Amino acid sequence: QDGAAASFVASASLLSRYLRNVCRAPAEPKFRQIRAANSIFDSRLGRYAAARTLLRLVGFVDTQDAGGHSVGTESAQPTQPPPTQANAQPQTLTPMPTPTHAQL
């Protein structure tokens, strides 16, 4: 049970860090994209559907970039089906652009 608690704390800490970084510096490109293939992201958050859903709820979207699939803020592109095993590519997460006051 201590292992599960430690895993939860590590996951919550990483999620908190991602959100804090994007809130503190929303224009900083390195905080606007999370490579889903990153081993730390994958082991602590990416493998959990609830964590990926939470990232989407706070504004991250699945995007396809030159390096593969990501979740990030660069643009809200149409959802694409997940890659098959034969053509699987790395994934990333990116937050959606912050709406301006006029957009609200």
Side-chain angles (χ1 to χ4, degrees):
Q1 193 155 19
D2 288 336
S7 177
F8 174 79
V9 169
S11 296
S13 175
L14 183 61
L15 181 61
S16 176
R17 182 180 329 148
Y18 285 146
L19 299 177
R20 187 175 47 250
N21 286 344
V22 123
C23 287
R24 286 183 182 165
E28 180 63 47
K30 70 181 179 182
F31 297 143
R32 296 173 55 92
Q33 189 172 56
I34 304 166
R35 289 195 50 78
N38 176 292
S39 63
I40 293 173
F41 170 80
D42 186 53
S43 67
R44 294 185 189 170
L45 295 175
R47 64 188 178 137
Y48 300 110
R52 294 179 71 95
T53 298
L54 180 60
L55 286 169
R56 287 184 193 98
L57 288 171
V58 299
F60 282 80
V61 294
D62 289 323
T63 58
Q64 186 75 33
D65 60 13
H69 200 90
S70 18
V71 178
T73 58
E74 296 310 311
S75 64
Q77 297 178 0
T79 305
Q80 298 178 6
T84 63
Q85 283 296 78
N87 67 356
Q89 296 186 10
Q91 295 184 347
T92 337
L93 299 176
T94 322
M96 289 184 353
T98 306
T100 63
H101 186 61
Q103 292 173 314
L104 298 175

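For this chain, numbers begin at 1 and follow the sequence in order. When reading the values below, keep in mind they use all heavy atoms of this one structure, side chains included, and skip hydrogens, waters and symmetry mates. These numbers were taken from a predicted model, which means no experiment stands behind them.
Linking Ile, Leu, Val, Met, Phe, Trp and Tyr residues whenever their side-chain heavy atoms come within less than 4.5 Å places Phe41 and Val58 in a single cluster. Under the 4.5 Å side-chain heavy-atom criterion for Ile, Leu, Val, Met, Phe, Trp and Tyr, Leu19 and Phe8 are members of distinct hydrophobic clusters. When hydrophobic clusters are built by joining Ile, Leu, Val, Met, Phe, Trp and Tyr residues whose side-chain heavy atoms come closer than 4.5 Å, directly or via intermediates, Phe60 is not grouped with Tyr48.
The nearest pair of heavy atoms linking Ser7 to Arg47 is OG-NH2, 4.4 Å. Summarising the geometry of Val22 relative to Phe31, their closest heavy-atom pair is CG2-O, 2.9 Å, with the distance given to 0.1 Å. Nearest heavy atoms, Arg44 versus Ala10: CD-O, 3.8 Å. Closest approach of Ala51 to Leu45, counting heavy atoms only: CB-O, 3.4 Å.
Residues Arg52 and Asp62 are in side-chain contact: their nearest non-hydrogen atoms beyond the backbone lie under 4.5 Å apart.
Annotation: the span from Leu55 atom CG to Thr53 atom OG1 amounts to 9.0 Å, rounded to 0.5 Å.
Pairs engaging residues 9-19 under the side chain to side chain donor-acceptor pair (under 3.5 Å) rule: Ser16-Arg20 [sequence neighbours left out].
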